[in-house]
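Beneath this line is the structure, given in structure tokens, with notes to follow.
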Amino acid sequence: SFLKLFLKVVACFFVCLCYRPFYLQLPSMPCINYFLQKPCSPFDIEKSSSVQKQAQPKLRINMDGDKCGTPVQLQLKEKRKKGYCECCLQKYEDLETHLLSEKHRNFAQSNQYQVVDDIVSQLVFDFVEYGRDTPQKKRIRYSV
Ligand SMILES: [Zn+2]
């Protein structure tokens with residue numbers, strides 16, 4: 001009925017008052033670019049600008065080269081160091097330092113993982129289990 005709808009709108013309005021609005025202002029809004037080479041995202045801005053500047057064959061080298069390769073990976077690695085630990089409910093600046101902290105080590109050695117163990121105990125172990133490595137049976141390590 002109209003009254004129900006009206007109450008819903010009013011309720012929505014009050015819910016909205018509880019939260020801070022969240023904005024995104026960009027110099028140019030996302031635009032689908034169909035001219036990019038196929039695996040690339042059509043929203044990629046850097047590559048779209050290089051498409052306009054350069055001819056097709058050169059562009060390919062550019063995209064496989066350091067322009068979109070290494071910097072992004074480095075950024076990701078940097079980001080991975082910072083984070084939030086869901087066990088300790090705590091932010092950390094460096095992952096490895098946090099993993100060595102007393103609070104986290106206490107959690108890691110606690111019985112909080114019983115829920116995981118309960119699920120694992122339902123699985124069937126069907127791999128071949130070797131004894132401790134003897135020098136002859138050294139596993140070959142493949143580098144990726
Ligand atoms: Zn932690």
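We count ligands from 1, going down the list as the structure has it; atoms in each ligand are counted the same way. From a predicted model like this one, the values you see are computed outputs, not experimental measurements.
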Check: Does any donor atom in the side chain of Gln122 or Asp118 lie under 3.5 Å from an acceptor atom in the other side chain?
Finding: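 On atom types as modelled, these side chains do not qualify, holding no pair under 3.5 Å.
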Notebook entry, point to check: If you check every N/O/S atom of His104, which is the one nearest the Zn ion (ligand 1)?
Noted result: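 Relative to the Zn ion (ligand 1), the closest nitrogen, oxygen or sulfur of His104 carries the name ND1.
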Notebook entry, point to check: Restricting to N, O or S atoms of His98, which is nearest to the Zn ion (ligand 1)?
Noted result: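 Nearest N/O/S atom: NE2.
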Next item on the list: Side-chain contact test, heavy atoms from C-beta onward, threshold under 4.5 Å: evaluate it for Lys81 versus Glu93 and give yes or no.
Entry: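 Side chain of Lys81 against side chain of Glu93, heavy atoms only: no contact under 4.5 Å found.
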Check: In terms of the angle between their ring planes, are Phe2 and Phe6 parallel, tilted or perpendicular, with boundaries placed at 30° and 60°?
Finding: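 Phe2 and Phe6: parallel rings.
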Check: Taking atom OH of Tyr113 and atom SG of Cys87, what is their separation to the nearest 0.5 Å?
Finding: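 Those atoms lie 4.0 Å apart.
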Check: Can you tell me if an N/O/S atom from Cys85 lies under 2.8 Å from the Zn ion (ligand 1)?
Finding: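 Yes, within the cut-off.
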